[in-house]
Each structure stands twice: as C-alpha cells, then as structure tokens.
J.: 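Please find one structure pasted underneath; my questions will follow.
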Amino acid sequence: MEIPFAESYRIKMVEPIHRSTREEREQWIKEAKYNLFKLSSKHVFIDLLTDSGTGAMSNRQWSAMMMGDESYAGAESYFELKEAIEKILGFPYFLPTHQGRAAENVLFSTIVKEGDYLPGNSHFDTTKGHIEYRKAHAVDCTISAAAQTELELPFKGEVDLEKLEKVLANNPKEKIPCVVLTVTNNTAGGQPVSMKNIRDVHNLCRKYDIPLLLDSARFAENAYFIKTREEGYADKSIKEIVREMFSYADMMTMSSKKDAIVNMGGFVAFKNEELWKRCQMFCIMNEGYITYGGMSGRDMAALAVGLDEGTQFDTLDTRIRQVQYLAAKLDEYGIPYQRPAGGHAIFLDAKKILPQLPREEFVAQTLGVELYLEAGIRGVEIGAILADRDPETKENRYPELELLRLAIPRRTYTNNHMDVIAAAVKNVYDRRESITKGYAITFEQPVMRHFTVELKKL
Ligand SMILES: *Cc1c(COP(=O)(O)O)cnc(C)c1O
C-alpha cells in the first residue's frame, strides 16, 4: 500500500475553539452590522478571515523569541534578521516595519507623488490604498484570463506584458516611480506568477529604466508553484528559486505575517543604498529607529527563523496540500471556485453560486454571512465592498469577480476542520436558491471601507 501524505510537524500546544448555535450566530452577526471583521473571534468556530499573522510559530521560533535583544539601537536580533534577508532574499539594505502596509507607507512616502502611475498585476488592497491616498494611480495589468474562474492555468496571476508596456511607453518615466509585482497575486485568487513572467517584467522595466518592486507577502508559495509547475525548476530548491525571483527586483515590501509565519511584522528592502537612506527618515518618523522600525527585538528574532522555515519545501508542501485537500472536497460537491486552488486560500465564486443577486446587493458579502450562519466559519469578501468607490467619481466600483476568500492559516487547523468547512459550503450551496436578498451599506469610511463598513439586511 502506498504510504499517504502527512503533515511535516506534530503539535505540542493547543488552543480551544468553540461551536455555537445558529440562533447565537444570527444575533452576533446582526450586532456586528453584518461585517465579519466586527465579530468577536470567540464567536467564530473556524476563522478563515485571513492567513495573515494567524499561523502557528514553531518551537525554533518561540525559542528565538526568548533570545530577542531589545536594545534600542544595533540589537543582535536586528543583525540576525539582516543576515536572513541578505542570505535568503539577496537584499543588503532593509528597514523593519510593524507590518506590510507600514513598509508600503515608508517606501511610497518617499517615492510616490500625486499623478504618478504604478502599474503591475493586481495590487493588494492596502497597496492600492496607499497609492490612491497619494492621488496616484494603481494600474492593473493582470492577464485577463485571471477573471475567468473556471480556467485552469498554472500561472494565473501574471502580468499582461502588452498592457504593462502600454503604460510604460505612454507615460513619462518621472511619473512611474516603480512597477509593482505582487507574488503570489492575492487579489486574483492567490495565483502565482511564473519565473518567466517575473523575468519578462524585469526586462521591460530595464528597457524603460523603471525600478521593479516585488510585493512579497506570499513569495515562498509563489516559489513552490514555480518548482512544481514551471519547466526547468523541479530540481531546484525553494531557496534557490527564491533567490532567483528576487534577483530581478530592485526593492521589496514584505508583510512577514504571511509566508514568514510570524504574528506581526514587516520590512522594506533595497538593493540601492541611496534609496534606503532616503527612506530612513520616514521610517524614523513613523515606525521607529532604523534598526527596529516597528518591531521588538524578539519579533525580529522570530522573523529571521520564520524566513528560513517558510522557505523549506516540507513547510510549503504541507500547507499547500491542505488547501488542495479542501479544494478536492469542494470539487466532489461541485462548488465553483477560482481554479486552480491558490496557495493560501480557496476563493469561492459568489456570482456563480448566487446568480440571482444583483451586484448592488454585495454578492460575496451575502455568501460570507450565510457561511458564518451555517457553521460559524468566517471568510472574507473580495468583491464590490473591497473594490471601494472610484476616488474621482465616488461611484461604487464593481469588479469582474465577486469572491468569498477562505484563507487557511499556516500550521493551525487539521484536515478535520477542512471537512467541516467543505460540508458547510455544500449546505449553503444546496440552499442557494432560497437566498434572494443581499445587503445595503449604512456606514462607510472614505478609504478601505471594508474593514469598518456597516450593513443592513435587505
Ligand atoms: C498582507 C499583504 C500586504 C499588507 O501587509 P500587512 O502586514 O497586512 O499590513 C501587502 N501586500 C500583500 C500582497 C499582502 O498579502
């Protein structure tokens, strides 16, 4: 008999989670104004809101925390992290920040000005927020196939080079501070970008003399997909692939809460010493001194270990196979989701599940509330609420896709939990025709409204 696959870790600390009744959940979600972000986590049974900062640290990471050096300047933990970033990612200069968006803030405060263009594949929501807040434009040049959820493509997060070149050719160089390549492409469903596409984007950037920024939260998952899907990489280690990916970038922003498996932290890294120096001012003003930025010493120590563990094949294999396990269950039940399954999450295709709902009633949000009511599972809307209003016309933007993301935290849940998720999705799917009303907004913030939006049931 073939020996089946099993996780490459065992568990030595557990955290209780609690089931609830449907009546309780109806009350709680109403009190939360039908915004899943506003739920108390104790009212959630399986929390798939995000895989950001919600993973389980390893024994090595916890012991590194005890060794954290909390010196204000020049802490040993800073140098451990510096060495890891240089060795694993190939960047000699970096600034620690409290998380990924803070890295964006430090970098974009320095290089982005009003009227600029930052083309790339789909920008992450905070990245887009930071660009648009500065009255610059995030131009999405993702391949159009990314919007067809049933299409099986190995690298569905790629940049359409023609679209990108149009932006680079039609705007003066001074108006394009950088190209932003997000790996994996979170907004398009956690879809990877091939090494070939990274290289081609790099070559276009060189041709027009524009720097390339890698938005790198899920860089290791991207490397895993290159190894398992792209010709010529099967025999390379994840670390070799990661080094090559970053060899094409001039700078990187990083949310360490994803593939580096820490609960909080981030950084912005540079190959260019001068740009690093220019960014220091904003780091000191907004984050902290340049050798700790937004992080305590113990967090930098855990991050240095996390970068190493997160780029081990076994860690990634265990993680991505769990996502694929859930995907296989959903296939069995005939549930439509963004295909193929992404690295960190399943993105349910809400428009296909609830075709009767008008887009003005927030289709993916409606599905998210239903799944919570069904079994206390919390996903997150990637649809019209997240897409926000057009900064100029103030009209609602309706994206091509209405997705409900079920993000799987790293090393946190077992495959029994995956079975519960799949069954709950199936139950909602089976009663989909009875879901005829969505939601309307009663309160929203001017930027990134999805976090605090309040809704009423129609
Ligand atoms: C999470 C993420 C960010 C923002 O990072 P935070 O740590 O949440 O602030 C930016 N870009 C991408 C691609 C991300 O996944």
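Counting begins at 1 with the first residue of the sequence.
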J.: Can you spot which of Lys236, Lys227, Arg199, Lys239 makes a salt bridge (Lys or Arg N to Asp or Glu O under 4.0 Å) with Glu244?
T.: Arg199
J.: As an exercise, state the distance from CZ of Phe347 to CD1 of Ile382, rounded to the nearest 0.5 Å.
T.: 5.5 Å
J.: Can you see whether Tyr337 has Arg339 sitting over its ring - NZ or CZ less than 6.0 Å from the centre and within 45° of the normal?
T.: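 Geometry flag: set, cation within 6.0 Å and 45°.
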J.: Report yes or no: do Gln191 and Asn185 form a side-chain donor-acceptor pair below 3.5 Å?
T.: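 No donor-acceptor contact under 3.5 Å links the two side chains.
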J.: Give me the one residue out of Leu107, Thr110, Ile131, Ile111 that meets side chain to side chain contact (heavy atoms under 4.5 Å, CB included) with Pro177.
T.: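 In the set Leu107, Thr110, Ile131, Ile111, the residue that makes a side chain to side chain contact (heavy atoms under 4.5 Å, CB included) with Pro177 is Ile111.
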J.: If you take all heavy atoms of Lys351 and Pro399, which pair is closest and at what distance?
T.: NZ-O, 4.2 Å
J.: Check for a donor-acceptor pair, side chain of Glu454 on one end and backbone N or O of Ala32 on the other, with a separation under 3.5 Å.
T.: no
J.: Do you see a donor-acceptor pair shorter than 3.5 Å between the side chains of Thr149 and Lys352?
T.: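 Yes.
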J.: Just by distance, do the side chain of Lys156 and the backbone of Leu151 share a donor-acceptor pair under 3.5 Å?
T.: yes
J.: If I take atom CG from residue Leu367 and atom CD1 from residue Ile353, how far apart are they, to the nearest 0.5 angstrom?
T.: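 Reported to 0.5 Å precision, the distance equals 5.0 Å.
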J.: Are Phe91 and Phe246 an aromatic pair, judged by ring center distance below 6.0 Å?
T.: yes
J.: Between the side chain of Ser194 and the main-chain N/O of Asn197, is any donor-acceptor distance below 3.5 Å?
T.: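 Present.
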J.: Rounded to the nearest 0.5 Å, how far does OG1 of Thr436 lie from CD of Glu361?
T.: 8.5 Å
J.: Taking Asp259 for its side chain and Ala220 for its backbone only, find out whether a donor-acceptor pair lies under 3.5 Å.
T.: yes
J.: Please state whether the rings of Tyr224 and Phe313 are parallel, tilted or perpendicular, taking 30° and 60° as the class boundaries.
T.: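 Judged by the thresholds at 30° and 60°, the geometry between Tyr224 and Phe313 is parallel.
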J.: Could Glu309 and Arg411 be called an ion pair, given the rule that one side-chain N must be under 4.0 Å from one carboxylate O?
T.: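 Salt bridge present between Glu309 and Arg411.
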J.: Atom CD in Glu370, atom CG in Asn427: separation rounded to 0.5 Å?
T.: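 Rounded to the nearest 0.5 Å, the CD-CG separation comes out at 11.5 Å.
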J.: Judged by atom type as modelled, is there a donor-acceptor pair below 3.5 Å linking the side chain of Lys271 to the main-chain atoms of Ala249?
T.: yes
J.: Test Lys258 against Glu221 for salt bridge (Lys or Arg N to Asp or Glu O under 4.0 Å), laying out the working first.
T.: CA-CA 10 Å; Lys258 300 3 183 304; Glu221 289 170 12; over 6 Å; no
J.: Counting neighbours of CD on Glu162 that are heavy atoms of other residues, nucleotides or ligands and sit closer than 6.0 Å, is the number greater than 12?
T.: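 Atom CD in Glu162 is not crowded, with 12 or fewer foreign heavy atoms closer than 6.0 Å.
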J.: Taking all heavy atoms of Val193 and all of Ile198, pick out the closest pair and write down the distance.
T.: CG1-CG1, 3.8 Å
J.: Are any of the side-chain nitrogens in Lys113 or Asp116 under 4.0 Å away from the carboxylate oxygens of its partner?
T.: yes
J.: For residues Glu360 and Tyr398, is any side-chain donor paired with an opposing acceptor at under 3.5 Å?
T.: no
J.: Counting only N and O atoms by type, is there a donor-acceptor contact under 3.5 Å from the side chain of Gln61 to the main-chain atoms of Ala302?
T.: yes
J.: For the residue pair Tyr117 and His137, does the interplanar ring angle fall in the parallel (under 30°), tilted (30 to 60°) or perpendicular (over 60°) class?
T.: parallel
J.: Any chance the side chains of Asn415 and Gln322 put a donor and an acceptor closer than 3.5 Å?
T.: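 Yes, Gln322 and Asn415 have a side-chain donor paired with an acceptor closer than 3.5 Å.
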J.: Judged by atom type as modelled, is there a donor-acceptor pair below 3.5 Å linking the side chain of Glu381 to the main-chain atoms of Ile385?
T.: yes
J.: Could you tell me if Arg218 and Thr182 have a donor-acceptor pair between their side chains, going purely by distance under 3.5 Å?
T.: no
J.: Would you kindly say whether Tyr248 and Asn203 are connected by a side-chain donor-acceptor distance under 3.5 Å?
T.: no
J.: Is it true that Arg25 and Glu374 make a salt bridge, defined as a side-chain N closer than 4.0 Å to a carboxylate O?
T.: no
J.: Tell me if the centroids of the rings in Tyr439 and Phe362 come within less than 6.0 Å of each other.
T.: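 No, they do not, as the ring centres are separated by 6.0 Å or more.
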J.: If we ignore hydrogens and angles and just use 3.5 Å, is the side chain of Ser256 paired with the main-chain N or O of Leu303 as donor and acceptor?
T.: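 Judged by distance alone, no pair lies under 3.5 Å.
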J.: What's the separation between atom SG in Cys205 and atom CG in Leu168, rounded to the nearest 0.5 Å?
T.: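 Here the rounded value is 6.5 Å.
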J.: Charged N to carboxylate O below 4.0 Å: is that the case for Asp51 and Arg319?
T.: yes
J.: Using a 3.5 Å distance criterion without hydrogens, assess whether the side chain of Asp160 forms a donor-acceptor pair with backbone atoms of Cys141.
T.: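 Checked: no pair found.
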J.: Would you call the rings of Phe108 and His130 parallel, tilted or perpendicular, where under 30° means parallel and over 60° means perpendicular?
T.: perpendicular
J.: Can His98 and Glu287 be counted as having a side-chain donor-acceptor contact under 3.5 angstrom?
T.: yes
J.: Does a side-chain N-to-carboxylate-O contact under 4.0 Å join Arg321 and Glu7?
T.: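 Salt bridge absent between Arg321 and Glu7.
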J.: Could you verify whether a donor N or O on one side chain and an acceptor N or O on the other, from Thr142 and Glu158, lie under 3.5 Å apart?
T.: no
J.: Does atom CD of Glu433 have more than 12 heavy-atom neighbours, drawn from other residues, nucleotides or ligands, at distances under 6.0 Å?
T.: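 Incorrect, the count does not exceed 12.
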J.: Is the shortest distance from a Lys or Arg side-chain nitrogen in Arg101 or Asp125 to a carboxylate oxygen in the other one below 4.0 Å?
T.: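 Here Arg101 does not pair with Asp125 in a salt bridge, since their nearest N and O are not under 4.0 Å apart.
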J.: Scan side-chain atoms only and decide if Thr184 and Asn222 contain a donor-acceptor pair under the 3.5 Å cut-off.
T.: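 No, no side-chain donor-acceptor pair sits under 3.5 Å.
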J.: Look up atom NZ in Lys166 and atom CG in Leu161, then write down how far apart they are to the nearest 0.5 Å.
T.: 13.0 Å
J.: Quick one: does any side-chain atom of Arg405 pair with a main-chain N or O of Gly189 as donor and acceptor, under 3.5 Å?
T.: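 The answer is no, because no donor-acceptor pair under 3.5 Å joins these two groups.
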J.: Using 4.0 Å as the upper bound for N to carboxylate O, is an ion pair formed by Glu114 and Lys135?
T.: no
J.: I'd like to know whether Glu165 forms a salt bridge (Lys or Arg N to Asp or Glu O under 4.0 Å) with Lys207, so could you lay out the CA-CA distance, the side-chain angles of the two residues, the decisive distance to 0.1 Å, and finally the verdict.
T.: CA-CA 10 Å; Glu165 181 147 24; Lys207 180 173 164 191; 2.7 Å; yes
